Amino acid sequence: MASCLLMLVGWAAEAQSIIRDAEIERGLRELAAPVLRAAGLPASTRIIIINDRSLNAFVADARHIFIHSGLLMRMEDPAELQAVLAHEAAHIANGHLSRRPANARSARSAAALGLLLAVAAGSASGNGELGAGIAIGTNSSAVRVFLAHTRAEETSADQAGLRYMVQAGIDPAAMLSVLDLFRGQEALSTGRQDPYMRTHPLTRTRLRNVQAFVNGRSGTAEGAESTPEARYWFARINAKLSGFLNNPAQTLRRVGRRDEGEIATLTRAIAYHQGADASRAISEVGRLLQMRPNDPYYQELQGQILYESRNFPQAVRAYARAAQLAPREALILAGHGRALLAADTSSGNAQARTVLERAYARDPFDPRMLRDLALAYARGGNNGMASVVTAERYAIIGRMEDAEIQATRASGLLPNGSGGWLRAQDVLRVAEIAQSRRNRR
Ligand SMILES: [Zn+2]
């Protein structure tokens with residue numbers, strides 16, 4: 001934890017946010033799995049969405065692939081998303097990260113970014129709802145330079161990515177559709193290009209090579225249509241992103257009221273919720289639950305809508321059912337704990353502590369969960385643990401001085417050598433390193 005906490009120091013100024021959502025992450029795991037398998041990367045490799053309308057995808061360490069919401073929402077087929085993932089997976093598998101120019105400046109950025117990502121990855125913000133996230137600094141110019149690949153790396157990532165797609169039964173032509181999104185941008189000034197053009201230089205040679213690979217396989221790739229499962233999860237990811245990120249009135253006009261299909265119903269549920277029409281949102285979710293009574297993410301959505309319309313006892317019931325269906329989803333557990341605290345009964349407060357401790361065990365870097373867990377400890381009279389958890393939250397969001405104050409307080413309240421006391425010492429160590437960095441500047 002200590003080393004992971006370091007990363008955010010000094011990066012918060014150029015904040016971007018990470019989108020955390022259990023349903024979207026579930027869908028991404030489904031779509032990434034065949035690609036990661038073909039690339040020989042662990043299934044634990046995480047796909048992280050950055051809330052940014054520009055088009056980009058990149059890797060900065062071997063365990064995470066980042067993709068902008070703008071790029072995701074521009075895609076029309078799961079195979080396009082899988083093509084982007086295959087290309088990024090190839091950068092990791094081919095060792096392009098370690099071969100980057102090792103001048104002092106980029107090495108420092110690399111170290112800082114690596115640590116940053118460790119955290120982002122562990123965690124990010126988890127607001128349960130979209131759009132709010134931990135601050136990460138991938139926008140700084142130093143990092144942009146650091147993230148850029150060479151033309152040789154691009155060619156090799158394309159070739160390997162195409163091979164992974166074929167191996168995974170995904171139509172490699174989808175790689176061409178992705179590159180088509182950027183056609184014509186070579187002529188634009190750097191400021192008007194999408195950042196993807198800088199991280200992955202696009203050349204005519206690249207396009208020609210990908211085209212040649214696809215042509216060479218024409219006639220052999222029948223049956224490479226996306227599976228119904230892949231289409232389904234891709235549609236759910238997009239419904240959720242567009243429902244939360246786009247203007248609700250526009251979303252409702254686009255989807256219309258008559259389409260009773262699952263995806264249209266999901267999109268409407270979120271748009272009504274975003275438009276503060278809780279009762280319509282609830283009835284749409286009710287229809288989703290009729291279609292799929294055991295879907296933990298629809299139960300969670302129902303919990304979220306009820307919670308945000310301040311119907312706490314019912315929110316507790318919905319989240320409890322979601323947590324029962326998906327006991328390993330940290331974001332769902334965090335939502336359950338939050339609803340229990342809002343309902344504020346004595347047995348509920350005690351249960352909130354247990355549930356939030358389980359969320360913490362699965363994902364200790366979620367600032368919103370940490371805030372709720374501190375409240376649960378405080379309500380139970382455990383001020384020492386409330387301070388430790390608050391110290392961890394401050395450290396994660398980069399408020400190191402506040403983190404130090406809380407960790408010092410916790411050290412005085414908790415028995416020496418206990419688990420909580422040791423966690424407070426970790427935060428103090430991180431605060432000290434951050435302090436010495438600031439002094440060196
Ligand atoms: Zn690339």
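Just so it is clear, the values below take in all heavy atoms, side chains as well, and ignore hydrogens, waters and symmetry mates. Remember, it's 1-based here, ligands and their atoms both numbered in the order they're listed. What you see is a predicted model, and the numbers here were worked out from it, not measured in a lab.
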Set of residues satisfying ring pair (Phe, Tyr, Trp, His ring centres under 6.0 Å) with respect to His336, sequence neighbours excluded | none
Return the set of protein N, O or S atoms whose distance to the Zn ion (ligand 1) is under 2.8 Å, each given as residue and atom.
-> His87 NE2, His91 NE2, Glu154 OE1, Glu154 OE2, His200 ND1
Can a donor-acceptor pair be found between the side chains of Asn209 and Thr155 at a distance below 3.5 Å?
-> no
Sequence neighbours excluded - ring pair (Phe, Tyr, Trp, His ring centres under 6.0 Å) pairs with any residue from residues 150-184 | Phe182-Tyr196
Separation between OG1 (Thr265) and CZ (Arg257), nearest 0.5 Å, reads 13.0 Å
Glu284/Arg280 ion pair, N-O < 4.0 Å | no
With a 3.5 Å cut-off and sequence neighbours excluded, list the donor-acceptor pairs that the side chains of residues 244-252 form with protein atoms.
{"from": "Asn246", "atom 1": "OD1", "to": "Arg53", "atom 2": "NH2", "distance (Å)": "3.3"}
{"from": "Asn247", "atom 1": "OD1", "to": "Ala249", "atom 2": "N", "distance (Å)": "2.9"}
{"from": "Asn247", "atom 1": "OD1", "to": "Gln250", "atom 2": "N", "distance (Å)": "3.0"}
{"from": "Thr251", "atom 1": "OG1", "to": "Asn247", "atom 2": "O", "distance (Å)": "3.0"}

